[in-house]
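Keep in mind that the numbers below use all heavy atoms, side chains included, and drop hydrogens, waters and symmetry copies. Bear in mind the structure is a predicted one, so any value in this text is a computation, not a measurement.
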Amino acid sequence: MFRPKVPTMPQPTGLVTPPAVVEPTAVIQHTPQAPAPAPVVSPAPVPARPTVQLTPGAVIALVGSGTAVVLVVGAVLVSMLLAVAITGASVAICALVIRSLISAEGKRR
């Protein structure tokens, strides 16, 4: 009753793959060949797309959109900093109130 039983598994469960058969390969000797002639350098091909040229209106639009992005990101960061500061101040005020309540209770006794 108190003797441990080792579980036996008469049939494997799941898919069983047969062991891989390793076949020997032949070694082929490589004979050195004469070096290939140097390739002829041709001029670089002309790109199919034209280069980007910015007009004054496009530059103004880029500067305006960049300024807007900086202002929005700055406003988000400042609001997050303000939220953390307000939370810290409220926690500090709560701690002072709780400390004063505890000290006033101790003086009454």
Side-chain angles (χ1 to χ4, degrees):
M1 179 173 158
F2 293 109
R3 299 173 80 189
K5 289 186 174 183
V6 178
T8 58
M9 190 170 57
Q11 295 292 328
T13 59
L15 297 175
V16 178
T17 57
V21 178
V22 179
E23 297 179 6
T25 58
V27 177
I28 300 173
Q29 294 291 333
H30 177 69
T31 57
Q33 297 178 353
V40 177
V41 178
S42 61
V46 178
R49 296 185 315 184
T51 57
V52 177
Q53 295 179 353
L54 295 176
T55 61
V59 171
I60 291 173
L62 285 175
V63 169
S65 62
T67 304
V69 167
V70 167
L71 289 177
V72 168
V73 170
V76 168
L77 291 178
V78 167
S79 64
M80 289 173 64
L81 179 64
L82 185 60
V84 169
I86 291 173
T87 304
S90 64
V91 168
I93 291 172
C94 289
L96 288 175
V97 169
I98 291 172
R99 188 176 76 175
S100 67
L101 288 175
I102 290 174
S103 66
E105 184 179 325
K107 289 180 181 177
R108 275 192 238 148
R109 289 186 178 184

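Two residues are said to be in side-chain contact when any heavy atoms from C-beta on lie closer than 4.5 Å; Ile102 and Arg99 fail this criterion.
Atom CG of Leu54 and atom CD1 of Ile60 lie 12.0 Å apart (nearest 0.5 Å). Atom CG of Leu77 is separated from atom CG of Leu82 by 12.5 Å, given to the nearest 0.5 angstrom. A distance of 12.0 Å separates CD1 in Ile93 from CD1 in Ile98, rounded to the nearest 0.5 Å.
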